[in-house]
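See below for the structure under consideration.
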2 protein chains.
Amino acid sequence: MLRLFFAPLPAAVRCRTLKNMNTCAATRLDELLQRLRKAGHRLTPQRVAIVRQLLERDDHPSVEQLHTAILAEFPTTSLATVYKTIHLLKQLGEVLELGFGELGSRYDGRHPRPHPHLICTRCGSITDPPCPDDEVDALASRIAKQSGFAVSSHRFDLFGLCPACRARS
Amino acid sequence: MLRLFFAPLPAAVRCRTLKNMNTCAATRLDELLQRLRKAGHRLTPQRVAIVRQLLERDDHPSVEQLHTAILAEFPTTSLATVYKTIHLLKQLGEVLELGFGELGSRYDGRHPRPHPHLICTRCGSITDPPCPDDEVDALASRIAKQSGFAVSSHRFDLFGLCPACRARS
DNA sequence: ATTAGTGCAAAACGTTTGCAACATT
DNA sequence: AATGTTGCAAACGTTTTGCACTAAT
């Protein structure tokens, strides 16, 4: 059923099959699934669907949103499975978890490495700014150096109004 | 009972009564309580105790930790009251809430304005780095400008090992 | 055939809420 | 005296867990 992921097609063909997806993302999907399998995990349809969602969407979905999307494909998928899969991906460093008090947890499967986020406090949208992550990394290490901290990860969130919501006010 | 907060003593006297507290913090306590009262809120013993905890400690306590500390003074204080008080202080901008997925919410009543935090992933300690907040603010506005975002607040968390835990490894 | 993963329901967890009794103003 | 606050318990939303069944390997 999902055999196509195990024997990847040429990039050109692969990319034509997934709308709005660039070569990089499609490649990452294949690679990620390979890594999952090599780590001894089974590629169930539900699991693959969840991974695909995480790689295809760029809106930092919540668990609830992921579950809803998966249900369209596999109507019996449980919330618990979504949670378990996300947990697995977190452990493997394949998704970045963004926990917000009120907004709940959101996930970024496209760029699992730390990078800044813009959170609109009106519409709740979360976007990745077109910013060189290096600057943030640099600031992080500078601060860490001064305090003798060994920084392994960081998080930079900017709260405010997105351009759309600004215009709407 | 708590009348002394309403008619503040001279700074020199005030500071002698609170160990390990600098003039600034003691002043802020008085001012904060005044502001609370002027906003039409009542200064109950529990409430004052919670505010004091938030200003005296520098360890970014959790709700649970605050509750435990308050219980020593007022054994019947409920968790709900702590939550309600924190909620009130948040609304008034007197405390900064730091929500962490696994660590739960932590609170900073000393520096309610956004500033970076160093979170030790081993011992769970949260400290304020000796860093000029301006740098973070500057980076935040630079990123915001590029993306048309109107930033009203931000958050910069660094995860890693604190000096003590580094030495212990 | 093994054994990891699923799905369900129950439990756990932090937080919020409704309300009668209470204490500050 | 008026009314904001407390404390209890119940409700809440999110995440986790136990376990029998199912399905990928």
Side-chain angles (χ1 to χ4, degrees), chain A residues 1-7 33-51 60-68 70-71 73-92 95 97-107 124, chain B residues 1-7 33-51 60-68 70-71 73-92 95 97-107 124:
Chain A
M1 173 190 205
L2 293 155
R3 204 56 40 91
L4 84 153
F5 293 122
F6 307 159
L33 292 173
Q34 298 292 353
R35 258 175 272 145
L36 269 180
R37 206 174 45 156
K38 274 180 193 153
H41 300 288
R42 295 178 182 174
L43 300 189
T44 65
Q46 298 93 327
R47 195 169 269 178
V48 175
I50 294 168
V51 171
H60 305 75
S62 65
V63 170
E64 202 59 49
Q65 288 173 321
L66 284 171
H67 184 221
T68 303
I70 304 306
L71 281 181
E73 238 181 307
F74 302 98
T76 66
T77 309
S78 69
L79 247 189
T81 294
V82 181
Y83 275 109
K84 284 168 184 165
T85 301
I86 288 176
H87 183 246
L88 173 64
L89 295 170
K90 268 195 292 179
Q91 281 190 319
L92 299 174
V95 295
E97 182 178 45
L98 304 171
F100 298 106
E102 330 195 336
L103 291 159
S105 281
R106 306 295 204 88
Y107 299 90
Chain B
M1 171 189 208
L2 291 155
R3 204 55 41 89
L4 84 153
F5 292 122
F6 307 157
L33 292 173
Q34 298 292 353
R35 257 175 273 143
L36 269 180
R37 206 174 47 153
K38 274 181 192 151
H41 301 289
R42 293 180 183 172
L43 301 189
T44 64
Q46 298 94 327
R47 194 168 271 176
V48 174
I50 294 168
V51 171
H60 306 74
S62 66
V63 170
E64 202 59 49
Q65 290 173 320
L66 284 171
H67 186 220
T68 303
I70 304 306
L71 280 182
E73 239 181 307
F74 303 97
T76 65
T77 308
S78 70
L79 247 188
T81 295
V82 180
Y83 275 109
K84 284 168 183 165
T85 302
I86 287 175
H87 183 246
L88 173 65
L89 295 170
K90 269 195 292 180
Q91 282 190 317
L92 299 174
V95 294
E97 183 178 44
L98 304 171
F100 298 106
E102 330 197 335
L103 292 159
S105 281
R106 305 296 202 86
Y107 300 89

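Every chain is numbered from 1 and lettered A, B, ... according to where its sequence line falls, protein lines coming before strand lines.
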Whole Å only: how far is the CZ atom of A:R42 from the P atom of D:dA23?
12 Å
Any A:T44 side-chain N or O less than 4.0 Å from OP1/OP2 of D:dA23
no
How many whole angstroms separate atom CD of B:Q46 from atom C1' of C:dC22?
10 Å
Rounded to whole angstrom units, what separation is found between the NE2 atom of B:H67 and the C1' atom of C:dC13?
16 Å
Nearest whole Å is fine: how far is D:dT6 C1' from B:H41 NE2?
16 Å
Euclidean distance, atom CG of residue A:L66 to atom P of D:dT14 [Å, nearest integer]:
14 Å
Between P of C:dA4 and CZ of A:R37, the distance in whole Å:
17 Å
How many angstroms lie between CG in B:L36 and NZ in B:K38, if you round to the nearest 0.5 Å?
11.5 Å
Below 4.0 Å: OP1/OP2 of C:dG14 and any side-chain N or O of B:S105:
no
Whole-Å gap separating P (D:dA24) and CG (A:L36)
15 Å
Distance from A:T44 atom OG1 to A:F74 atom CZ, nearest 0.5 Å?
8.5 Å
Specify the separation, in whole Å, of atom CZ of B:R47 and atom C1' of C:dC22.
14 Å
For a side chain to side chain contact (heavy atoms under 4.5 Å, CB included) with A:I70, tell me which candidate from A:T81, A:T77, A:T85 qualifies.
A:T77
Which residues, if any, of residues 76-91 of chain A bring a heavy atom under 4.0 Å of DNA chain C?
A:T76, A:T77, A:S78, A:A80, A:T81, A:K84
Under the side chain to side chain contact (heavy atoms under 4.5 Å, CB included) criterion, do B:H67 and B:I50 qualify, and how do the steps go?
CA-CA 8 Å; B:H67 186 220; B:I50 294 168; over 6 Å; no
How many angstroms lie between NE2 in A:H60 and CD in A:Q65, if you round to the nearest 0.5 Å?
11.5 Å
List the steps, then state whether side chain to side chain contact (heavy atoms under 4.5 Å, CB included) holds for A:H41 with A:L88.
CA-CA 9 Å; A:H41 300 288; A:L88 173 64; 3.3 Å; yes
Check whether any side-chain N or O of B:R37 sits under 3.5 Å from a backbone N or O of B:L43 as a donor-acceptor pair, and report yes or no.
no
Which one, D:dT15, D:dG4, D:dA24, comes nearest to the side chain of A:V63?
D:dT15
